[in-house]
Amino acid sequence: MPEDSDWEAYKVPPTRTPVSERITSFPNPVTIFQTVFNYVVDAPVTFVREWIERQQAKNKFYYYHQKFRRVPDLSECLEGDYLCFFEAEAQWRRDRMVDQEIVEIVRERLGACKQREGPNEFQNCAKEMEQLVQVTKAYQDKYGDLGVHGNARTCLMKQKNRMMEERKKQADASQ
């Protein structure tokens with residue numbers, strides 16, 4: 001309502017709750033309990049929480065993606081360096097999860113393009129289809145046939161065998 005409203009024109013209806021009259025001279029025990037609770041429990045907790053929030057406001061820390069440093073590959077680890085083996089294995093697992101997410105994102109983009117284009121999906125989504133083929137082929141070349149229990153060592157052996165086969169094919173083709 002505007003500031004200069006006419007209170008006689010817009011009368012507020014009376015409340016239906018009657019105002020209680022104090023009959024006794026004793027204070028209300030609920031009010032006493034609320035006051036004691038406020039000073040004993042609520043006020044200290046509120047003070048500590050506000051102090052913590054002020055400290056955190058001074059040192060803002062933003063939670064984004066966790067960044068790991070790149071560790072040496074399994075082929076670069078020295079013999080018997082089990083810590084290096086463990087770090088290389090963890091790095092390989094992170095790389096595999098990233099590659100899986102890349103394949104999934106490209107697959108979702110293709111699905112969105114097909115949904116958007118409808119009957120013209122083969123013409124208008126050819127670029128996304130080619131990108132999906134390339135990404136899945138690269139993923140299959142690197143991680144295919146490793147199974148669920150694949151690890152960095154078996155992946156390294158697979159890459160070594162693939163390189164040896166390619167060299168053998170090049171040698172046969174040159175002769």
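Just so you know, these numbers come straight off a predicted model, no measurement behind them.
Among all heavy-atom pairs drawn from N124 and E117, the shortest one is ND2-OE1, 2.7 Å. E89 approaches A152 most closely through the heavy-atom pair OE1-N, 3.1 Å. Counting all heavy atoms, side chain and backbone alike, T35 lies closest to T31 at OG1-O, 2.8 Å. Closest heavy-atom contact between G80 and F85: N-CZ, 4.1 Å. Taking both residues in full, the closest heavy atoms of I32 and P27 are given as CD1-CG, 3.7 Å, listed atom of the first, atom of the second, then distance.
Contact annotation: the side chain of D145 approaches that of Q140 to within less than 4.5 Å [non-hydrogen atoms, C-beta and beyond]. The closest side-chain heavy-atom distance from R116 to E121 is not below 4.5 Å. Between E87 and R69, the closest side-chain pair of non-hydrogen atoms falls below 4.5 Å. Using a 4.5 Å cut-off on side-chain heavy atoms (C-beta onward), E53 and R49 make contact.
Judged purely by distance below 3.5 Å, without hydrogens or angles, the side chains of N151 and T154 pair a donor atom with an acceptor atom. Counting only N and O atoms by type, the side chains of Q91 and D95 include a donor and acceptor under 3.5 Å apart.
Connection of W51 to V48 is established within a shared hydrophobic cluster, with ILVMFWY side chains joined at heavy-atom distances below 4.5 Å, either directly or through further cluster members. Hydrophobic clustering places Y82 together with L156 (ILVMFWY residues linked when any side-chain heavy atoms are closer than 4.5 Å, directly or through intermediates). The hydrophobic cluster containing V71 does not contain F86, counting ILVMFWY residues as joined when their side-chain heavy atoms lie under 4.5 angstrom apart, directly or transitively.
Atoms CD and SG, on Q115 and C125 in that order, are 10.5 Å from each other to the nearest 0.5 Å. Here R153 contributes atom CZ and S75 contributes atom OG; the two are 11.0 Å apart, rounded to the nearest 0.5 Å. Rounded to the nearest 0.5 Å, atoms CZ (F122) and NZ (K114) are 6.5 Å apart. Note: Q170 CD to E165 CD = 12.5 Å, rounded to the nearest 0.5 Å. Of the inter-residue distances, the one linking I52 atom CD1 with F47 atom CZ reads 10.5 Å to the nearest 0.5 angstrom. Interatomic distance, Q34 CD to N28 CG, rounded to the nearest 0.5 Å: 8.0 Å.
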ask   = Would E166 and K169 satisfy salt bridge (Lys or Arg N to Asp or Glu O under 4.0 Å), going step by step from the backbone distance to the final call?
value = CA-CA 5 Å; E166 289 175 1; K169 285 180 185 177; over 6 Å; no
| Hey, mind stepping through D172 and K168 against salt bridge (Lys or Arg N to Asp or Glu O under 4.0 Å) and telling me if it holds? | CA-CA 6 Å; D172 290 343; K168 187 175 179 182; 5.7 Å; no
| Verdict with supporting geometry, M97 and E101, side chain to side chain contact (heavy atoms under 4.5 Å, CB included) | CA-CA 6 Å; M97 287 193 318; E101 286 298 319; 5.7 Å; no
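Identified under the ring-ring contact (aromatic ring centres under 6.0 Å, His included) test for residues 148-173, with sequence neighbours left out: none.
When atom types are taken as modelled, the side chain of K158 and the backbone of D141 share a donor-acceptor pair closer than 3.5 angstrom.
Taking a 4.5 Å side-chain heavy-atom cut-off between Ile, Leu, Val, Met, Phe, Trp and Tyr, the cluster of W92 extends to V98, I102, V103, V106, L110, M129, L132, V135, Y139, Y143, L146.
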